[in-house]
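Sharing a structure below in structure tokens format, with a few things to ask.
Being a predicted model, the structure only gives us computed values, none of them experimental. By convention here, the first residue in the shown sequence is residue 1.
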Amino acid sequence: MTRFVHDDTNVVDPLGDADAEAEKGRKHNRAKVGSGRPSSLLYTYGPGAIMDLPQFTVMPTGLDDWDRIWNRRDGIPQIRAPRLREVVGKMLNSRDIQLRPHPWQAKKISMSSEGNDLGVPARVFPQWLRCTGCDMLGSLSQFDYHNTHPFRTDLACFEHGKCTGRRGDKTRKSTRRTAVPARYLLACVNGHLDEFPYELWVHYGKPCAEAQIPALKMIDRTAGKGASATIGCASCGLSRPMNEAQGEAGKAKLPRCRGRHPHLDAFEHCGAETRLMLVGASNLWFPATQSIIVMPESAEETTGELVNQIRVALGDKLAKYRGNLDMLRDLLDGKVDVVELSDTELASAADAAAEPPASVEDQQAFLRDWDPVNLLVPEWRYLLKDPQWDHVGDPVSGLTLSKRDRHADLRPEISRVLAVERLRKVNALVGYTRIDDMDRVGDLPQRLAPLARSPRPAWTVATEDRGEGIFLQLDEGKVADWEGRVLTDPLWLAHREAHQRNFAGRFSETAKNIDPDTRLKPPRYWLIHTFAHVLIRELAMTCGYSAASLSERLYAWPQAEGREAAAGMLICTTAADSDGTLGGLVQLSEPDRLQRVVSSALSRAARCSSDPVCAMRTPKQPEDFLHGAACHCCVMASETSCERANRFLDRRFLLDLPGSRLGFFRRGD
């Protein structure tokens, strides 16, 4: 179990600080320093990430500090998604975990103070700043914070109050100049992040010979060209360029990791190698998320949710009053709805709630065997059922389905079509990684950085999106026959070898004992993935939504133990607004329109402006790219649309192209 060293006196409590100032009769500016959409706070700027504001950068804190915000409310909203909550609870070793939205409240009028006591707490990070007037490099305490306009967050900044310019002429009148974040950090593969030790760096690991607190400068005249700055000490005259810390040679000159988690204000034992990182680096923070399309709850899921609510509501009282059903009903009144439960059902639920948590061995076995496909299987099974009539809706999940007839000219490889008129998608954050993306980490549970100091967090942040979509199912028999042909083809063998090279060259060192073939998506995935991309491009031309707002959810796996084979896709669009979307995508599921969309999409996919280069692209030694006949001119989509970052794509699996006869949609069918 991880042990954190934390200073409890150094907590982030902005609203508590403001209240303390008010009690002393002092005015305090409650102006927030920035804002972000729920999706950006989940996928880009979550706890532990660095968020760019106009004048400085901040880091959202760990969930422990968010509790002080939530405690200002009598009730805390939760997002209901039993299937996702159970998986997240196992991943975070907290079976009673809650899924909560970001702390936010809408204002009835723009000038209202409603919701001012809700928000995401953050601390300034990095806390080394550079004066833009004189290049002085110093810690946060050496600069003044300026934020006097409550409605202009862009004016909030740190200033050097006595800047004398780069010449250092002390006879001239000093001025106030803006300070900006010093852009260098240290990171390690275990998710830790630390300030760069500028003072030790410029003095080669020794203290300054002339001053106890040396006067440092960061001279940077070529911004945007990597580690181009030079750190100088005005006290002793030493200087050292930052480019010495770059690359493999630079690693040996950097200190070992101290195990710092700035968002938790905590340290843990680490000692791993560190590497130089820039504040705006794209590999500074990779979210680890799990998401589901919420389907109507099974009886097992409903019972599991009830058991969880009883366990959370009663806590330690459960063991004491477990056999007294009348007392249980009184204690649960107003907390959990058990009015319609019989005594037998209530007793059974109480017994289940009192069961001990899973053992450490069971927890480790779950994490070792976990496959994200497991979240997709229940969705696939439910979508295989035809709704009894049109507009069949479920009030709890919000899912509304209608079956669509197949057009006579629709490609025979497409066996079923469903209009998903309304859907609800829930996304939960379970942690993050640094340097390596989560799908490039072999031992993800060990490399996952925590969101809270507690080893069993009570909740995690989640978002809830509503929207619409089109579900297409392919003929399993034809997919299986086609897949059998592909697996023995030289093209597939070339992709497999490229994947092995990619795995060896780009995956974390900790993944070296994993068989690369277990991470290679099967041919049917390449087929359905490519088909989804060309459909997204075509749908965007007529549905009223941009291509970037459409996303894919792929159900593509061969038969395995515990799950049947799947071959289908859901093209959907979602929005965080409670009203969802406008129906333009669902309209294209009507037989005539869908037939035209599919026909046109396949016709466009047959040619690319980069052909014949694109059509004949096959990875060869030493190339390790994970796509074939696919490029931004024909197939590739924006990162908001693609679940695999434009990997595992090849038009030759979709259609017969010059030199290849592997197309699933055969010409002349």
Evaluate the ring planes of F56 and F158, with Trp represented by its six-membered ring, and classify them as parallel (under 30°), tilted (30 to 60°) or perpendicular (over 60°). perpendicular

Partners meeting salt bridge (charged side-chain N to carboxylate O under 4.0 Å, His left out) with R177 (sequence neighbours left out): none

When you measure from the side chain of D515 to the backbone of D517, do you find a donor-acceptor pair of N or O atoms at a distance under 3.5 Å? yes

Any ion pair linking R130 and D220 (charged N to carboxylate O, less than 4.0 Å)? no

Going by the rule side chain to side chain contact (heavy atoms under 4.5 Å, CB included), which residues pair with E552 if we only count those two or more places apart in sequence or in a different chain? H529, A532, H533, I536, L554, I571, C642, E643

Kindly indicate, with the supporting measurements, whether the criterion salt bridge (charged side-chain N to carboxylate O under 4.0 Å, His left out) is fulfilled by K217 and D135. CA-CA 5 Å; K217 289 183 176 290; D135 294 328; over 6 Å; no

Validation row: P207, E199 side chains within 4.5 angstrom (heavy atoms): no

For atom CZ of R100, decide whether the heavy atoms of other residues, nucleotides or ligands shown that lie under 6.0 angstrom number more than 12. yes

Going by atom types only, do H627 and D650 share a side-chain donor-acceptor pair under 3.5 Å? no

Looking only at atom types and distance, does a side-chain atom of H192 sit under 3.5 Å from a main-chain N or O of C188, one as donor and one as acceptor? no

Quick one: do the T463 and N427 side chains pair a donor with an acceptor below 3.5 Å? yes

Smallest heavy-atom separation, T274 atom then P255 atom, equals OG1-O, 2.7 Å

Ignoring hydrogens and angles, tell me if any N or O in the side chain of S641 forms a donor-acceptor pair with the backbone of A547 under 3.5 Å. yes

Between N646 (side chain) and A637 (backbone), is there a donor-acceptor pair under 3.5 Å? yes

May I ask you to check whether over 12 heavy atoms, not counting those of I76, lie within 6.0 Å of atom CD1? yes

Which residue is it: H263, M51, E195? I am looking for the one with a side-chain contact (heavy atoms from CB on, under 4.5 Å) to F125. E195

Flag, side chain of E244 to backbone of P241, donor-acceptor distance under 3.5 Å: no

Check the surroundings of atom CD in E639: do more than 12 heavy atoms from other residues, nucleotides or ligands lie under 6.0 Å from it? no

Can you say whether the rings of W459 and W66 are parallel (under 30°), tilted (30 to 60°) or perpendicular (over 60°)? tilted

For T460 and V430, indicate whether the former's side chain and the latter's backbone hold a donor-acceptor pair under 3.5 Å. no

Flag the pair Y198 / W128 as yes when their ring centroid distance falls below 6.0 Å, and as no otherwise. yes

Does the distance from a Lys or Arg side-chain N to an Asp or Glu carboxylate O, for K251 and E248, drop under 4.0 Å? yes

So, does R617 use its side chain to make a donor-acceptor pair with the main chain of G628 at under 3.5 Å? yes

Are Y432 and F286 close enough that their ring centres sit under 6.0 Å apart? no

R434 (side chain) donor-acceptor with G191 (main chain) under 3.5 angstrom: yes

Ignoring hydrogens and geometry, is there a side-chain-to-backbone donor-acceptor pair from T132 to A179 under 3.5 Å? no

Regarding R73 and Q105, do their side chains bring together a donor and an acceptor under 3.5 Å, going by distance alone? yes

Ignoring hydrogens and angles, tell me if any N or O in the side chain of R453 forms a donor-acceptor pair with the backbone of A266 under 3.5 Å. no

